[in-house]
*Asks:* 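To start, I am sharing the structure in question, which I have written as structure tokens.
In this text the structure is predicted, and so the values were computed from the model without any measurement.
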Amino acid sequence: MRDRIQKEISLYEKLNILSDAAKYDVSCTSSGVERRGDGTGMGNCLKAGICHSFSADGRCISLLKILFTNECIYDCKYCINRASNDVVRTSFTPEEVCTLTMEFYRRNYIEGLFLSSGVLKSPDYTMELIYATLYRLRNVCDFQGYIHVKAIPGADQRLIRLTGYLADRMSVNMELPTAESLRLLAPHKSRKNILTPMRFVQEKMEENRQEIMLYRSAPRFVPAGQSTQMIIGATPETDYQILRVTESLYKKFDLKRVFYSAFVPVNEDKVLSAIREQGPPLLREHRLYQADWLLRFYYFEADELLDEENPNFNVLLDPICCWALKHLETFPVEINRADYYTLLRVPGIGYKSAGRIVKARRMGSIGFEDLKKMGVVLKRALYFITCGGKMMYPVRIDEDYITRNLLNTKEKLPEGTDGMTFRQISLFDDMDLSGVSVK
């Protein structure tokens, strides 16, 4: 065993170490909860009261995002905090977490706390420290803002239940999509060990909803719901397999969100050596988020988007465009007659825009100019819709033709009278890169 030199670490040094160690956990959004302050404590958490600001590496910087400890008894091959890594180890105390949260809040740096942790000594020991931290925040510091906390797999359900009454959201990370992948990269963890606390939180949330219906003053258990995270690209699962797992989690465990984290190879390991050369699969992560949105808000099923013959998403087109191109027999859709669910399947029409269309056409017929004002992205939608029986421009309902136009290749539609051209939206549309040279 290596000799270790023990030394005192300042709170600032701990913060640097444990905030950096938390950056690979992406499941930290805070929307969907309403916790009103009573005027005697610090902070509140209204649905519109928490602002999200994301840093360059994807961290939600409106929350104080830290690990309680980066010490861990497990040796997961993908984790920077694995037991066999030679990194500086440290832990907060409950009092230190409370001090940081309150001081950051007073300076208007944060709106809430995202607290994750390695597993120190045992799941029960770690969960008890997390509970002690939240208890002190709520009852000693009177902090009434948003708190997202991790439930530690394997911990006593009593501790998870007590912590759930103090948190707004809880999450149990799936880590990897399949049991086979866990055995390969995280042999100390099991699918059962992860799903058990997830099921417990779901059942307690349902019980709590019934309690609140009977007794309005009953304390709320995890009012913002639970979420999970999967690492993408460390193991050979296809997008289809991942999406099927996601769909199952939403249906069976009533999750609020499933987050995807493009695998970043931070460790030297022969199992991960090939992945290191490829880099993080960020575009794949992006496509999975788009498909996840379709599952949650657009009433798609996983089997509609992918199948065994086509198990991965197209890197050039988003999932709803790919679906529409494979189902051209259902288009064009007449805007003034199609129902809400049909409108949701048109590329360029979001769920908010579809709702506006349904409401507006009660007052009269809708034209293309009206659609622009409602937020419809006509650059994509024009190939799939008619208004009053007419298309915006003469176009062919042909897969190759539409694909070429969506990808901005040589065959393009003429510019409209407003100077609008028709090409797929780029992430860099609002940036002037004319002066940038590529070497």
Side-chain angles (χ1 to χ4, degrees), residues 1-7 9 13-28 57-59 65-92 114-127 129-130 149-155 171-198 228-237 259-281 285:
M1 182 179 292
R2 296 187 302 268
D3 292 331
R4 296 190 178 184
I5 300 174
Q6 300 291 336
K7 67 173 185 176
I9 298 179
E13 289 174 312
K14 286 184 179 182
L15 179 60
N16 280 335
I17 293 168
L18 295 174
S19 61
D20 185 68
K23 68 184 178 184
Y24 298 107
D25 197 325
V26 299
S27 54
C28 62
D57 63 355
R59 286 177 290 169
K65 183 178 179 184
I66 53 175
L67 296 186
F68 188 89
T69 178
N70 66 345
E71 297 191 47
C72 195
I73 61 175
Y74 300 132
D75 199 41
C76 304
K77 297 182 186 298
Y78 52 81
C79 183
I80 189 66
N81 301 311
R82 61 187 292 187
S84 60
N85 270 3
D86 187 14
V87 298
V88 177
R89 304 287 181 173
T90 189
S91 304
F92 287 122
F114 176 88
L115 184 62
S116 185
S117 184
V119 180
L120 178 64
K121 294 186 179 181
S122 71
D124 281 350
Y125 184 82
T126 307
M127 199 72 224
L129 285 171
I130 291 174
V149 72
K150 293 292 179 180
I152 306 298
S171 56
V172 185
N173 282 356
M174 280 286 294
E175 306 291 2
L176 296 163
T178 63
E180 293 77 13
S181 295
L182 279 173
R183 281 194 291 270
L184 177 66
L185 298 184
H188 299 93
K189 298 180 180 179
S190 70
R191 192 73 173 269
K192 180 181 178 181
N193 212 29
I194 292 170
L195 295 180
T196 297
M198 196 179 289
T228 192
Q229 172 181 309
M230 286 188 281
I231 298 169
I232 304 303
T235 47
E237 290 87 6
F259 292 87
Y260 311 93
S261 178
F263 175 64
V264 179
V266 293
N267 297 323
E268 293 288 348
D269 195 287
K270 61 182 180 180
V271 178
L272 306 172
S273 58
I275 302 173
R276 176 176 292 277
E277 299 174 3
Q278 300 171 7
E285 175 192 292

*Asks:* Taking C-beta and beyond as the side chain, do S19 and K65 meet within less than 4.5 Å on heavy atoms?
*Replies:*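 Side chain of S19 against side chain of K65, heavy atoms only: no contact under 4.5 Å found.
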*Asks:* Starting at CD1 of I73, measure out to NE2 of H188 and round the result to the nearest 0.5 Å.
*Replies:*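 Answer for the CD1-NE2 pair, I73 versus H188, is 8.5 Å.
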*Asks:* Using the rule given for salt bridge (charged side-chain N to carboxylate O under 4.0 Å, His left out), can you reason through D25 versus K150, listing the C-alpha separation, both sets of side-chain angles and the distance that settles it, and then say yes or no?
*Replies:* CA-CA 11 Å; D25 197 325; K150 293 292 179 180; 3.2 Å; yes
*Asks:* Please collect all salt bridge (Lys or Arg N to Asp or Glu O under 4.0 Å) contacts where either partner lies in residues 180-190, sequence neighbours excluded, each pair once.
*Replies:*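 Listed by first then second residue: E175-K189, E180-R183.
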*Asks:* Do you know the tightest heavy-atom contact between P281 and G233?
*Replies:*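 Distance-wise, the nearest heavy atoms are CG-CA, 4.1 Å.
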*Asks:* Kindly compute the distance separating CG (L184) from CG (L176), expressed to the nearest 0.5 Å.
*Replies:*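 Taking CG in L184 and CG in L176, the distance rounds to 8.5 Å.
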*Asks:* Check whether any side-chain heavy atom of T126 lies under 4.5 Å from a side-chain heavy atom of I130, and answer yes or no.
*Replies:*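 Yes; the side chains approach each other to less than 4.5 Å.
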*Asks:* What's the verdict on side chain to side chain contact (heavy atoms under 4.5 Å, CB included) for L195 and V172, showing C-alpha distance, side-chain angles and the deciding distance?
*Replies:* CA-CA 8 Å; L195 295 180; V172 185; over 6 Å; no
*Asks:* Decide side chain to side chain contact (heavy atoms under 4.5 Å, CB included) for L129 and F68; before the verdict, give the C-alpha distance in whole Å, the side-chain angles of both, and the deciding distance to 0.1 Å.
*Replies:* CA-CA 9 Å; L129 285 171; F68 188 89; 3.7 Å; yes
*Asks:* Side-chain atoms of residues 116-123: list all donor-acceptor pairs with protein atoms under 3.5 Å, sequence neighbours left out, distances to 0.1 Å.
*Replies:*
| residue | atom | partner | partner atom | Å |
| --- | --- | --- | --- | --- |
| S122 | OG | Y125 | N | 3.1 |

*Asks:* Do you know the tightest heavy-atom contact between M230 and P177?
*Replies:*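 Looking at all heavy atoms of both residues, the closest pair is SD-CA, 3.8 Å.
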*Asks:* Side-chain contact test, heavy atoms from C-beta onward, threshold under 4.5 Å: evaluate it for D124 versus I152 and give yes or no.
*Replies:*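 With C-beta onward as the side chain, the pair stays apart.
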*Asks:* Might you work through the side chain to side chain contact (heavy atoms under 4.5 Å, CB included) test for T235 and T178, ending with a clear yes or no?
*Replies:* CA-CA 9 Å; T235 47; T178 63; 5.8 Å; no
*Asks:* Check whether any side-chain N or O of T196 sits under 3.5 Å from a backbone N or O of K192 as a donor-acceptor pair, and report yes or no.
*Replies:*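 At least one qualifying donor-acceptor pair exists.
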*Asks:* Using side-chain heavy atoms (C-beta onward) and a distance below 4.5 Å, is T69 in contact with F92?
*Replies:*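 The answer is no; the side chains never approach within 4.5 Å.
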*Asks:* State, to 0.1 Å, how close M127 and A151 come at their nearest heavy-atom pair, and which atoms those are.
*Replies:*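 Answer, listing the atom of M127 first, then A151: SD-CA, 4.1 Å.
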*Asks:* In chain order, what residues pass the ring pair (Phe, Tyr, Trp, His ring centres under 6.0 Å) check against Y78, with sequence neighbours excluded?
*Replies:*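 Expected list: none.
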*Asks:* List for me each residue that meets side-chain contact (heavy atoms from CB on, under 4.5 Å) alongside T90, sequence neighbours excluded, and say none if there are none.
*Replies:*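 So T90 forms a side-chain contact (heavy atoms from CB on, under 4.5 Å) with I9, K14, I17, L18, N70.
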*Asks:* Return the minimal non-hydrogen interatomic distance between A179 and R191, and the atom names on each side.
*Replies:*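 What the structure gives for the nearest pair is N-NH1, 3.5 Å.
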*Asks:* Which atom pair, heavy atoms only, marks the closest approach of V266 to C79?
*Replies:*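 Heavy atoms of V266 and C79 come nearest at CG2-C, 4.3 Å.
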*Asks:* Which distance, rounded to the nearest 0.5 Å, do you find between the CZ of F259 and the CD1 of I232?
*Replies:*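 Interatomic distance, F259 CZ to I232 CD1, rounded to 0.5 Å: 13.0 Å.
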*Asks:* Please assess N85 against N81 for the test side chain to side chain contact (heavy atoms under 4.5 Å, CB included), listing each intermediate value before the final yes or no.
*Replies:* CA-CA 7 Å; N85 270 3; N81 301 311; over 6 Å; no
*Asks:* Could you tell me if the side chain of I66 sits less than 4.5 Å from the side chain of L115, heavy atoms only?
*Replies:*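 With C-beta onward as the side chain, the pair touches.
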*Asks:* Which residues pass the side-chain hydrogen bond (donor to acceptor under 3.5 Å, both in side chains) test with D75, not counting sequence neighbours?
*Replies:*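 In terms of side-chain hydrogen bond (donor to acceptor under 3.5 Å, both in side chains), with neighbours along the sequence ignored, D75 is linked to R82, S84.
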*Asks:* Which residues pass the side-chain hydrogen bond (donor to acceptor under 3.5 Å, both in side chains) test with E285, sequence neighbours left out?
*Replies:*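 Per chain and number, E285 pairs via side-chain hydrogen bond (donor to acceptor under 3.5 Å, both in side chains) with no residue.
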